[in-house]
Amino acid sequence: MSIVDPVLQWYAENRRDLPWRDESCSAWGVLVSEVMLQQTPVARVLPVWREWVDRWPTPASLALAPAGDAVRAWGRLGYPRRALRLHQCAAAIVEHHGGEVPATEAELVGLPGVGAYTAAAVACFAHGERTVVVDTNVRRVEARAVAGLALPAPSLSRAETELAASLVPEDPAVARVWNVAVMELGALVCTARTPRCGSCPIAGHCAWVLAGSPAYDGPPRKTQSWEGTDRQVRGAMMAILRAAADPVRLADLTPACPDDELRRMRCLDGLVADGLVEPVGRGRYQLPG
DNA sequence: TACACGTGGCT
DNA sequence: TAGCCAAGTGT
């Protein structure tokens, strides 16, 4: 008995109506959603995605805008480098793909900000290609249901990729639904911390449940630090720059890290090196033009 | 491979 | 409450 059919049926009855899943959503809209959803919850993405696709409905329209507009419109989604890469991605699509989002994983994976996951997701969800989509949700569902583990290992293994590939239905149209369905199950039911096994369509043959839901027993999962990190300072600087209508002075960035000038300068240099901040002379800085 | 990279909600 | 965690990518 495969877990595929019950998951497909569960999805048909429980799926969220997300705009990037609409038939009318363009491939570009799908690509934008996938980049925004990297490490970022759906609820936070929704309003920003709407604003982006309304303002920049095609890769060409975004490519024509200043990069700083993309960074500012990114708002507080986090990881603003994604906005910069999406802007670079739009330019690459115009330059190398006639302005159309490419359909194959091989073409997609070369674009800025598009890695293995996003390439598989866009090829499948936007173009109907039969790909193997493996994200953190898919890994968790399959780790539990098939491997009997509480959580997947910190990094993706060959075995996991092969397992995921073995579960994808042959028919591309069915594969497309499967890929989104297993992700949705991971997002809504088979969650990381408090899985709702009582509502799970495959709890009856979940290896982890059948083993008594044993606790995680793998290498320690390192928790990312935040307080006092460069990342915190960079985020504070970006917030100041997003809010500013004109270039800011160095002194305007002091509140981002008031007690450590060395760190402050290191973070600013890093932002400039990343292309998120642009020096404009006379000791002033702004979002990239 | 391991680490850096934002942000905010949830338990 | 302090972590934990969220549709990863680039180096």
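Basis for what follows: all heavy atoms, side chains included, without hydrogens, waters or symmetry-related copies. Sequence lines set the chain letters: A, B, ... in the order given, protein chains first and strands last, and positions in each chain run from 1.
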For the pair A:Asp252 and A:Arg249, find out whether any cationic side-chain nitrogen is under 4.0 Å from an anionic carboxylate oxygen. yes
Grab the CD1-C1' distance between A:Ile240 and B:dG6 for me, whole Å please. 15 Å
Distance check needed: B:dG9 C1' versus A:Trp226 CH2, whole Å only. 15 Å
What contact category does [X] fall into here, base, sugar-phosphate, or nothing, at under 4.0 angstrom with non-hydrogen atoms?
X        : value
A:Gln224 : base
A:Arg76  : sugar-phosphate
A:Gly78  : base
A:Trp74  : nothing
A:Thr118 : sugar-phosphate
A:Ser155 : nothing
A:Ala121 : nothing
A:Thr223 : sugar-phosphate
A:Arg266 : nothing
A:Ala116 : sugar-phosphate

Of A:Arg44 and A:Arg85, whose closest DNA chain C nucleotide lies nearer the 5' terminus? A:Arg44
5'-most contact on DNA chain C: A:Pro112 or A:Arg140, nearest heavy atom basis? A:Arg140
With heavy-atom distances below 4.5 Å as the criterion, would you say the side chains of A:Asp274 and A:Arg234 are in contact? yes
Do the non-hydrogen side-chain atoms of A:Cys190 and A:Arg144 ever get within less than 4.5 Å of each other? yes
When Ile, Leu, Val, Met, Phe, Trp and Tyr are grouped by side-chain heavy atoms lying under 4.5 Å apart, directly or through other members, which residues fall in the same group as A:Tyr285? A:Val71, A:Leu84, A:Val233, A:Met237, A:Met238, A:Ile240, A:Leu241, A:Val248, A:Leu250, A:Leu253, A:Met265, A:Leu268, A:Leu271, A:Val272, A:Leu276, A:Val277, A:Leu287
Exceeds 12 heavy-atom contacts within 6.0 angstrom, atom CZ of A:Arg16: yes
Using a 4.0 Å cut-off to any heavy atom of chain A, which nucleotides of DNA chain C are the first and last in contact, reading 5' to 3'? C:dG3 to C:dG10
Does A:Arg234 put a side-chain nitrogen or oxygen below 4.0 Å from OP1 or OP2 of B:dG6? yes
Distance test, side-chain N/O of A:Lys222 to OP1/OP2 of B:dC3, below 4.0 Å: yes
Is it the case that A:Asn179 and A:Arg176 place a side-chain donor and acceptor less than 3.5 Å from each other? no
When the P atoms of B:dC3 and C:dA7 are compared, how many Å lie between them, rounded to an integer? 22 Å
Quick one: on DNA chain B, does A:Asp274 or A:Thr194 contact a more 5' nucleotide (nearest heavy atom)? A:Asp274
